[in-house]
2 protein chains.
Amino acid sequence: MKSKITLKELAKLLNVSISTVSKALHDSSEISPKTAKRVKELASLHNYRPNPVAVNLKKSRTGTIGVVIPNISNSFFARVLSGMEAEAQKHDQQIITYISNESFEREKQICDMLTSGMVDGVLIAVSEETQKKQQYDHLFALLDYDIPVVIYDRINLGLPADKIGVDDEKSFFDATKFFRAKGLEKIGLASAIHHVGIGQLRIKGYKKALKDEGAAMMATSTKPDDLKKKIRDLITEKKIEALLCTDFESAIMATRIAYEEKINIPEDLKLIGYISREIAEFLTPSLSYIEQHPQELGSNAIEILNNRLDGKYESGKFEEKIIATTLIHLESTKF
Amino acid sequence: MKSKITLKELAKLLNVSISTVSKALHDSSEISPKTAKRVKELASLHNYRPNPVAVNLKKSRTGTIGVVIPNISNSFFARVLSGMEAEAQKHDQQIITYISNESFEREKQICDMLTSGMVDGVLIAVSEETQKKQQYDHLFALLDYDIPVVIYDRINLGLPADKIGVDDEKSFFDATKFFRAKGLEKIGLASAIHHVGIGQLRIKGYKKALKDEGAAMMATSTKPDDLKKKIRDLITEKKIEALLCTDFESAIMATRIAYEEKINIPEDLKLIGYISREIAEFLTPSLSYIEQHPQELGSNAIEILNNRLDGKYESGKFEEKIIATTLIHLESTKF
DNA sequence: CTGAAAGCGCTTACAG
DNA sequence: CTGAAAGCGCTTACAG
């Protein structure tokens with residue numbers, strides 16, 4: 001049970017001053033090679049590690065990044081976090097995780113706490129509830145305290161901060177075009193997130209790619225039963241040939257309804273969903289999906305934050321980076 | 001852009017000493033109500049928040065807990081993390097997330113870094129690779145530095161630390177008994193994790209519940225192709241009536257193979273898997289599964305760590321808590 | 001009731 | 001080349 005050794009203790013053992021020890025360990029040119037060697041040997045013998053809290057206090061930074069995640073059970077966010085962690089590790093930064101559970105109150109609490117300077121910067125995907133309320137004061141508070149914020153994934157909220165997201169609009173534009181190029185005409189869309197930013201962008205892309213907006217056939221609702229009814233209508237009554245789903249919930253519902261109604265996928269109905277690979281690949285039949293490259297998004301978020309912290313961006317001007325999605329064809333879009 | 005105000009600055013503005021300000025803000029009885037009031041008013045006007053780094057340095061603790069996660073894409077761990085975060089929040093503690101990606105090297109790196117005292121304690125699910133190597137020196141290093149460790153989920157490794165896990169053995173014992181009670185005789189098991197602790201426990205429970213060990217019909221392999229072949233054999237040649245899967249991979253494979261071989265679930269084959277609710281519910285047909293209550297596991301892990309930190313446990317003796325799993329019946333076990 | 005001082009563990013400009 | 005001193009922002013025993 002070796003308790004941690006400090007600079008002071010090392011200094012005493014070596015009969016030199018604390019300053020000397022500190023400098024020696026930092027390879028300062030001020031220190032004679034001989035002393036440097038003695039110091040380093042003893043330090044490694046005792047397995048000396050500088051107390052990170054003290055170092056941070058001295059440097060007035062924390063080496064720590066706060067990440068606010070709306071919903072960690074969504075494997076998209078889990079993978080974003082993984083990308084962030086990997087990138088942070090390269091810079092010896094720590095990630096402190098906060099989960100808002102899509103709640104405005106919790107998100108506000110988190111941001112309030114973060115204004116105390118616990119972290120050098122914050123990465124956040126704004127919760128659904130906050131988007132609905134359109135109350136962003138807690139985010140402005142962070143900026144007021146000079147804590148840089150990078151908004152990730154859910155970016156089209158008009159907030160003055162650096163942003164990293166995905167080409168939501170283009171992804172569905174392309175997917176819709178893909179179906180049209182294959183000669184399909186009755187292309188539907190299902191969404192449980194039509195009320196939030198990313199949902200709206202996806203819908204926008206879909207509509208733009210149609211012959212005209214009148215051709216849109218959409219099932220949208222935040223209420224599961226309602227959504228289910230609308231999707232069923234699209235599939236059985238409107239007899240759509242292809243369906244784009246903006247989110248996990250609607251994609252799974254559609255698969256399920258097709259199964260119940262004995263509509264074969266992909267023979268009778270093509271399906272594309274905004275769901276993560278883990279699930280897409282393992283559904284039966286497997287579901288073609290939009291790959292959002294979450295890990296890349298995560299590592300980019302960290303990079304942008306670090307650039308901001310390092311003063312590489314002009315203050316008052318904000319970065320906005322968009323990652324290209326990829327449409328992955330699995331069984332549900334076989335022609 | 002208010003930059004953070006400090007005790008010193010408040011003191012100057014109020015024409016009192018730093019000590020007085022500090023005491024006033026801590027409701028010390030030493031301070032006159034009048035001064036206390038003045039101080040508090042100015043503090044809240046300036047939105048004073050104590051610098052957490054300085055407070056921690058003073059208190060020689062960090063208010064921070066390190067969590068090592070083997071694989072965050074596994075939604076079980078994502079939900080465990082969510083439970084930890086919620087519990088930590090109640091105690092004003094921060095969670096620093098580290099992802100080992102089931103890699104021994106990475107896990108060792110993480111533990112080495114944590115010995116520097118970045119965190120008050122560590123929660124870890126030991127990586128698969130580490131379990132294979134059975135090298136736990138990096139964990140002992142943490143204990144050497146007096147950093148308490150709680151092992152979660154993957155607990156039967158014989159390590160001297162507090163533990164919180166799930167009744168892996170009993171869960172499969174019960175599940176097997178359930179099938180036998182229904183009169184089934186050919187009960188198989190599939191596993192891609194037969195080589196790690198939790199896999200072994202599940203297999204043990206299964207075997208114990210059989211009439212005799214000779215009745216065991218198992219498909220185990222870490223190689224996907226090999227495992228697939230063995231499961232197919234169990235299903236088509238051995239004509240098992242029920243299959244227990246110890247993990248996500250084997251469960252999904254089994255579903256898929258049944259689909260390809262036109263074996264109907266649950267009519268021709270009952271299936272139970274160790275997979276998470278998110279996926280189980282949405283498969284077609286939905287898959288009966290063992291609910292492990294990951295959030296509860298997470299919050300308990302934090303509680304145990306905090307009890308340890310608070311000296312509520314005898315040192316040298318270790319807690320071991322087991323959470324009861326629940327068998328959730330969905331479509332795949334309909335009789 | 002208030003304040004000066006020491007100290008948490010470190011870094012670094014400055015003096016010698 | 002080495003060390004004393006100041007300081008990061010806070011807390012708290014002690015003196016007055």
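A quick note: this is a predicted structure, and the numbers were derived from the prediction, not measured. Chain naming here is simple, since letters A, B, ... match the order of the sequence lines and numbering starts at 1 in each.
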Given dG3(D), dC10(D), dG3(C), identify the nucleotide with an atom nearest to the side chain of S17(B). dG3(C)

Can you check the [X] [atom1] to [N] [atom2] distance for me, whole Å?
| X | N | atom1 | atom2 | value |
| --- | --- | --- | --- | --- |
| M118(A) | dG9(D) | CE | C1' | 14 Å |
| L14(A) | dG3(D) | CG | P | 10 Å |
| R49(B) | dG9(D) | CZ | C1' | 16 Å |
| N56(B) | dG9(C) | CG | C1' | 13 Å |
| K12(A) | dG3(D) | NZ | P | 15 Å |
| L25(A) | dC10(C) | CG | C1' | 11 Å |
| N51(B) | dG9(C) | CG | C1' | 15 Å |
| R61(B) | dG9(C) | CZ | P | 15 Å |

At 4.0 Å (heavy atoms only), tell me whether V53(B) reaches a base, stays on the sugar-phosphate, or touches nothing. nothing

For P52(B), report the nucleic acid contact type (base, sugar-phosphate, nothing); a contact means any heavy atom under 4.0 Å. nothing

Between K8(B) and dC8(D), is there a side-chain N or O to OP1/OP2 distance below 4.0 Å? yes

Taking 4.0 Å as the cut-off, does a side-chain nitrogen or oxygen of T35(A) come that near to OP1 or OP2 on dC1(D)? no

Tell me whether E41(B) contacts the main-chain N or O of R38(B) through its side chain, where contact means a donor paired with an acceptor under 3.5 Å. no

Using salt bridge (Lys or Arg N to Asp or Glu O under 4.0 Å) as the criterion, list what pairs up with [X], not counting sequence neighbours.
| X | result |
| --- | --- |
| D310(A) | none |
| E85(A) | R106(B) |
| D137(A) | none |
| K108(A) | D112(A) |

For nucleotides 11-16 of chain D, just jot down a letter per nucleotide in 5' to 3' order: B, S or -, based on protein non-hydrogen atoms under 4.0 Å. BBBB--

Can you tell me which residue pairs pass the side chain to side chain donor-acceptor pair (under 3.5 Å) test with a partner in residues 149-161 of chain B, sequence neighbours excluded? E102(B)-R154(B)

Whole-angstrom distance between dG7(C) and dA4(D), as gauged at atom P: 16 Å

Could you note down all residue pairs passing ring pair (Phe, Tyr, Trp, His ring centres under 6.0 Å) where residues 56-104 of chain B supplies at least one of them, sequence neighbours left out? F104(B)-H138(B)

Considering only distance and modelled atom types, tabulate donor-acceptor pairs under 3.5 Å from the side chains of residues 21-31 of chain A, sequence neighbours left out.
| from | atom 1 | to | atom 2 | distance (Å) |
| --- | --- | --- | --- | --- |
| K23(A) | NZ | E30(A) | OE1 | 3.0 |
| H26(A) | ND1 | S22(A) | O | 2.8 |
| D27(A) | OD1 | K40(A) | NZ | 2.3 |
| S28(A) | OG | E30(A) | N | 3.0 |

Nearest heavy-atom pair of I151(B) and A161(B): which atoms, and what distance? CG1-CB, 3.9 Å

Structure string for DNA chain C in dot-bracket form, Watson-Crick and G-U at under 3.5 Å, | interchain: |||.||||||||.|||

